[in-house]
Amino acid sequence: MSDQQKTAPGPAGEAVRSIDPAQVSKHFDAPEAEARWDAEWQASGVYRWDPARAREETYVVDTPPPTASGSLHIGHVFSYTQADVMVRFKRMLGMNIFYPMGWDDNGLPTERRVQNYYHVRCDPNTPYEAGLEVEEATAKVRKKPARLVSRPNFIEICYGLINEDEDHFRALWRRLGLSVDWDQEYQTIDDHCRRTAQLSFLDLWQKGRVYSSEAPTMWDVDFQTAVAQAEAEDRPMPGAYHHIEFAVEGSDDSFVIATTRPELLAACVGVTAHPDDDRYKKFFGSQAITPLFKAPVPIFPSELADPEKGTGVLMVCTFGDATDVQWWREQSLALRQVVGRNGRMLPVEFGTDGFPSHDPAQANGYYAELEGKNVKQAQKRIVELLAEPEGSATGGGPPLRSDPEPIEHPVKFYERGERPLEHLPTRQWFARLMDHKDALLAKGEEVDWYPPFMHARFRDWTENLSLDWCLSRQRYFGVPIPVWYPLDAAGEPDYENPIIAEASALPVDPTVDIPPGHEASGRGEPGGFVGDPDVFDTWFTSSLSPQISSHWGDDPARHAKLFPADVRPQGHDIIRTWAFYTIAKAFLHEDTIPWKNAMISGWILDPDRKKMSKSKGKTMTPLPLLEKYSADAGRYWAASARLGSDTVFDEKVWGIGKRLVTKIFNAGKFVLAQTGETHSISVELDRAFVAKLAELAASSRREFEVYNYAHSLQETETFFWTHFTDTYLELVKARARKHADGATGSDLVESASAVASLRLGLSVLLRLFAPVLPYITEEIWSWSFAEETGHPSIHQAPWPGQADFAAVAPPEDASSFDLAVAAHAAINKAKADAEVSMGREVEKLTLLAGAETLERLGPVLGDVVDAARCLSHTTEVREELEMGVFVIEDAVFAPKPEKKPSGA
RNA sequence: GGGCGUGUAGCUCAGUUGGUUAGAGCAUCUCGUUUACACCGAGAGGGUCCGCGGUUCGAAUCCGUGCACGCCCACCA
């Protein structure tokens, strides 16, 4: 405000002049302005949510909590800006914005970082140690085994490291100008979030929507944890069909199965073929005998067997894949577990109930060759064994009937894993989803998806869902499952009767806290209890982000005001996880949707159109770019991309944004330096300009309403550059200056009209740009409009609309503006053709156009010739020229003015 | 195997309900210093709107079909 200066009031009206251009810096210092405005916005609370205002006036954002231990990535700038642009638009519509920021800090990435940094391992069986201190591990310390710490200690250690990472993110968000309410901050591992997640579990337990079960579950042998369907992905992998001969018990018949997993032969519990397959029909109901292990297994028909695939007959193992699980359940087959949790072959004994064999001695001999090997090693060895004739079940030569036939096939992996998933029977907690697929699909219909085609991703995933949600993870840094199990007299847990924590006690850690009705001394003792050592899937917590913000379960009044939220911004890669689980949770808890709108951002792509890789992303960190081009320029880049479309990274666009910021700065400086008086906007050209401006504001608003901020930006930018600075401003420049030159009478009124419409144009354009360019628009707003309008921040000023334009009488014919633009361009072209500067005076020229064109141009012709510095002009009718077309003839340009001697 | 998206100037992208001669920025070339701005302005060149077929007075746009690229989903024998 220090550079603001007003001239003394004139006689005809209140004087208007906002700045003395000599006192405004020559260039816009973006880094300085960014720091200054960020501090100002925090201090004045422009982005603060007002809990007193009504729900209808409130716009609730379900902000994505970034993974705190992840690195800052240019993609963050992209998607978070797109959300912020929409939020700023809603704020200018007068909405009371609830825009929180969370940090997703529980889960594997943090766990691994902490383990490496401090060289510690979490062990739920280690007692809690108050005041435990750790420091960054030295090379020497790293050579020793990792220090074991209790889970609460581990969580404490994580906090320290996370806070540093979060500081980096927070600094980026502030620099970027995200209009977040920093009073509404949470960490997914904090007490409130752990409590909310555990309350969610309690509620689902009471509703009968969670259960624990010992069942085959997808298991990662490296992380040694269960994995949910959403975290599994198919990867094409090389494999091979192995053709192996089985005998049929009580006959001389045999058949050959094809398998890609011969190492699971010892786990074979059945054989199946399609019921209509004539080759194998005769065997249904008989027993097959496996080679090497001589185990009798049932042969049964199944529609799921494909006669075209392999040999049409296949072995069922516990468990080679999801179909094996299905057959195992449907046919009540035996369980023969040969792969352990660490991915190695377990010790088993043939000749026992679990592992029948017609020749236990031989079977155990073969199996001894496999025991302890990992799956890959075991496969190699068993193929060698199968190539020997001694193992045959039929006595007719080697069971391996031909060389392995290489194929490529999809194999399921944990998304962050390196070895294929195994299906292992383990005890896990699940949420029932399979019973509710139709309801979940219906909820998906209730949400408005932007862009709409993203809804298909949700629908595809939900329709194809094949498993209940596995909630438990055998990890440490997460939210503990708030459950204990009574121990019977033999010290065995009674899983059927778990002890669920009481709501008032949450958050709890059952490995430390004592269940209701027990004493600490009972832990691990017969007749006592044991705590569930597992934690929740991190999505179990993050899928509650709307409820975390609304304080569901703790503050019903706040919950009613903030839930369901209005918008969920997120990336399309996590529709199947975050969006899906959030919808699922809202349904399971309250039979509602979690938010009304989902706005789905695209990705940043490398020049080869692949998702920008981690390694490349690290070299492309946002801060140097923000430093080089400014935050507004980065936001311009992000807001230039349509919502949902993947975009190739193009640094040039940052440069265009920077150029726009500079232009706005200069245009603002010029407009606010004009002196004038408060007369109404009366001149034809000015009224036509305002009419165009009103159209732009209306169109911009329509586009924003459907999340089409990119289109709004483009329209506003084109208008600003083409119509405002390049044309309108040039056309009225001379007239506007007349006031300063001491104009009187109608000259004064016309000059004031120009100044007033320039100011209106600037005010409207600044506001249309404000969601995308918060810094430069706020800067210029502060020079004059802040005080004049009574809105200290442009970000709380109203979106341009009727109130801005009502006082200006619309022209009879707004096309006069376009004609002025065209005539101005025609003279420019004449000057360019003559290779004289645009500022050169024109002694005379003749303007040719159609009669109607000239007639409609009439009221604005004076501004056109003034802007062109035309000393005299004539017009002539040329009927052959189409409407709006101008031709310049007989132009005579004044001689180039003599250069002033330097220093004069 | 099913689905979604994309394909427009050298590059990155707009293009509304079908409507004159298809647009912008960058890049290229020419010209110009004009007290808001050289961090600028004026002008020019540059297109088989992926191919083919259809509807229509008229198609970048609608329909059909094929191709290329990207993504999502799918029971791994």
Side-chain angles (χ1 to χ4, degrees), chain A residues 21 24 26-28 234-237 239 241-242 257-261 264 272 304-306 309-317 320-327 407 409-412 420-421 451 453-461 463-464 466 572-573 575-576 602-603 605 607-611 640-642 644-653 655-656 658-674 699 702-703 708 710-711 714-715 717-718 721-722 725-726 729-730 733 737 825 827-840 869 882 897 899:
Chain A
V24 176
K26 183 158 175 59
H27 299 307
F28 178 54
D234 284 347
R235 294 183 201 163
M237 294 293 288
Y241 277 132
H242 299 78
I257 59 106
T259 181
T260 56
R261 300 206 61 184
L264 293 180
T272 188
L304 295 174
D306 179 357
K309 215 165 175 180
T311 56
V313 62
L314 62 112
M315 68 171 183
V316 178
C317 309
D321 62 33
T323 324
D324 280 348
V325 176
Q326 193 175 342
W327 281 314
I407 55 161
H409 61 158
V411 179
K412 280 231 186 298
L421 288 169
F453 69 81
M454 289 295 181
H455 183 192
R457 304 261 176 120
F458 174 84
R459 205 185 305 115
D460 278 3
W461 175 256
E463 281 172 354
N464 287 310
S466 58
H572 56 63
D573 50 333
I575 289 176
R576 65 139 100 166
W603 281 341
L605 304 178
D608 62 359
R609 305 201 77 86
K610 301 273 189 199
K611 185 183 184 184
S640 295
R642 283 199 332 275
S645 54
D646 294 345
T647 304
V648 175
F649 181 80
D650 184 4
E651 192 172 329
K652 282 185 299 188
V653 180
I656 298 164
K658 186 179 181 182
R659 206 170 69 103
L660 175 62
V661 168
T662 302
K663 192 74 174 177
I664 292 172
F665 179 77
N666 286 315
K669 203 160 66 170
F670 171 75
V671 169
L672 294 178
Q674 300 308 306
S699 163
R702 276 197 304 275
E703 297 293 346
N708 207 350
H711 198 262
Q714 189 189 300
E715 280 183 344
E717 185 186 5
T718 300
W721 214 288
T722 307
T725 66
D726 287 350
L729 207 141
E730 296 297 334
K733 203 181 248 181
R737 283 195 186 122
I827 301 176
N828 281 348
K829 181 161 163 46
K831 286 184 172 176
D833 288 346
E835 298 191 350
V836 302
S837 79
M838 294 301 123
R840 186 76 69 87
R869 300 196 174 184
E882 284 177 43
K899 259 192 179 170

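Lettering follows sequence order; numbering is per chain, from 1. All of these numbers come straight from a predicted model, not from anything done at the bench.
Nucleotide B:U61: unpaired (no Watson-Crick or G-U wobble partner with both distances less than 3.5 Å). Across the strands present, B:U55 finds no partner; the criterion is a Watson-Crick or G-U wobble pair with both atom distances under 3.5 angstrom. B:U35: no Watson-Crick or G-U partner with both key distances under 3.5 Å is found in any strand. Figure legend. B:C69 is base-paired to B:G5; pairs are counted as Watson-Crick or G-U wobble with both atom distances under 3.5 Å. In this entry B:C29 has B:G43 as its Watson-Crick or G-U wobble partner, both defining distances falling under 3.5 Å. In this structure, B:U48 forms no base pair with any nucleotide, since neither Watson-Crick nor G-U wobble geometry is met with both distances under 3.5 Å. Base pairing of B:A24 is made with B:U12, judged by Watson-Crick or G-U wobble geometry with both donor-acceptor distances under 3.5 Å.
Of the C1' atoms belonging to B:A44 and B:G5, the separation is 37 Å, rounded to the nearest Å. Atom name C1', nucleotides B:C57 and B:G47: the rounded distance is 25 Å, in whole Å. When the P atom is compared between B:A42 and B:U21, the two are found 27 Å apart, to the nearest whole Å. Rounded to whole Å, the P atom of B:U6 lies 23 Å from the corresponding atom of B:A74. Using C1' as the reference atom, B:C52 and B:G15 are 24 Å apart when rounded to the nearest Å. Using atom P as the reference point in both B:G25 and B:U61, the two lie 25 Å apart (nearest Å). Taking atom C1' on both B:A36 and B:C31, the two are 23 Å apart, rounded to the nearest angstrom. If you take atom P in B:A60 and the same atom in B:C72, they sit 34 Å apart, rounded to whole Å.
For A:His572 (side chain) and A:Gly602 (main-chain N/O), no donor-acceptor pair under 3.5 Å exists by modelled atom type. At distances below 3.5 Å, not a single donor-acceptor pair connects side-chain atoms of A:Gln326 with backbone N or O atoms of A:Ala322.
Closest to the side chain of A:Lys309, out of B:G2, B:C76, B:C31, is B:C76. With B:C76, B:C26, B:U12 as the choices, the nucleotide that has an atom nearest any side-chain atom of A:Lys652 turns out to be B:C26. Side chain of A:Phe453, nearest nucleotide from B:A36, B:C4, B:C76: B:C4. Minimum atom distance to the side chain of A:Leu729 is reached by B:A36, of the listed B:C71, B:A36, B:C76. When the nucleotides B:C26, B:C13, B:U35 are ranked by their closest atom to the side chain of A:Thr647, B:C13 comes out on top.
For A:Glu463 against B:A74, no side-chain N or O and base N or O form a donor-acceptor pair under 3.5 Å.
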Look for any protein N or O under 3.5 Å of an N or O in nucleotides 38-44 of chain B and output each such pair with its distance, or none.
{"unit_1": "B:C39", "atom_1": "O2", "unit_2": "A:Thr662", "atom_2": "OG1", "d": "3.0"}
{"unit_1": "B:C39", "atom_1": "N4", "unit_2": "A:His27", "atom_2": "ND1", "d": "3.2"}
{"unit_1": "B:C39", "atom_1": "N4", "unit_2": "A:His27", "atom_2": "NE2", "d": "3.1"}
{"unit_1": "B:C40", "atom_1": "O3'", "unit_2": "A:Lys663", "atom_2": "NZ", "d": "3.3"}
{"unit_1": "B:G41", "atom_1": "OP1", "unit_2": "A:Lys663", "atom_2": "NZ", "d": "3.3"}
{"unit_1": "B:G41", "atom_1": "OP1", "unit_2": "A:Trp721", "atom_2": "NE1", "d": "2.9"}
{"unit_1": "B:A42", "atom_1": "OP1", "unit_2": "A:Asp726", "atom_2": "OD2", "d": "3.4"}
{"unit_1": "B:A42", "atom_1": "O2'", "unit_2": "A:Asn828", "atom_2": "O", "d": "3.3"}

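Nearest-nucleotide assignment on RNA chain B puts the 5′-proximal partner with A:Asn464, out of A:Trp327 and A:Asn464. Between A:Ala456 and A:Glu835, the one whose closest nucleotide on RNA chain B sits nearer the 5' end is A:Ala456.
Note that the CG atom of A:Asp321 and the OG1 atom of A:Thr260 stand 8.0 Å from one another [nearest 0.5 Å].
In this structure, A:Ile827 reaches neither bases nor backbone, as no heavy-atom distance under 4.0 Å exists between it and the strands shown. Using a 4.0 Å heavy-atom distance criterion, A:Ile257 is classed as making no nucleic acid contact.
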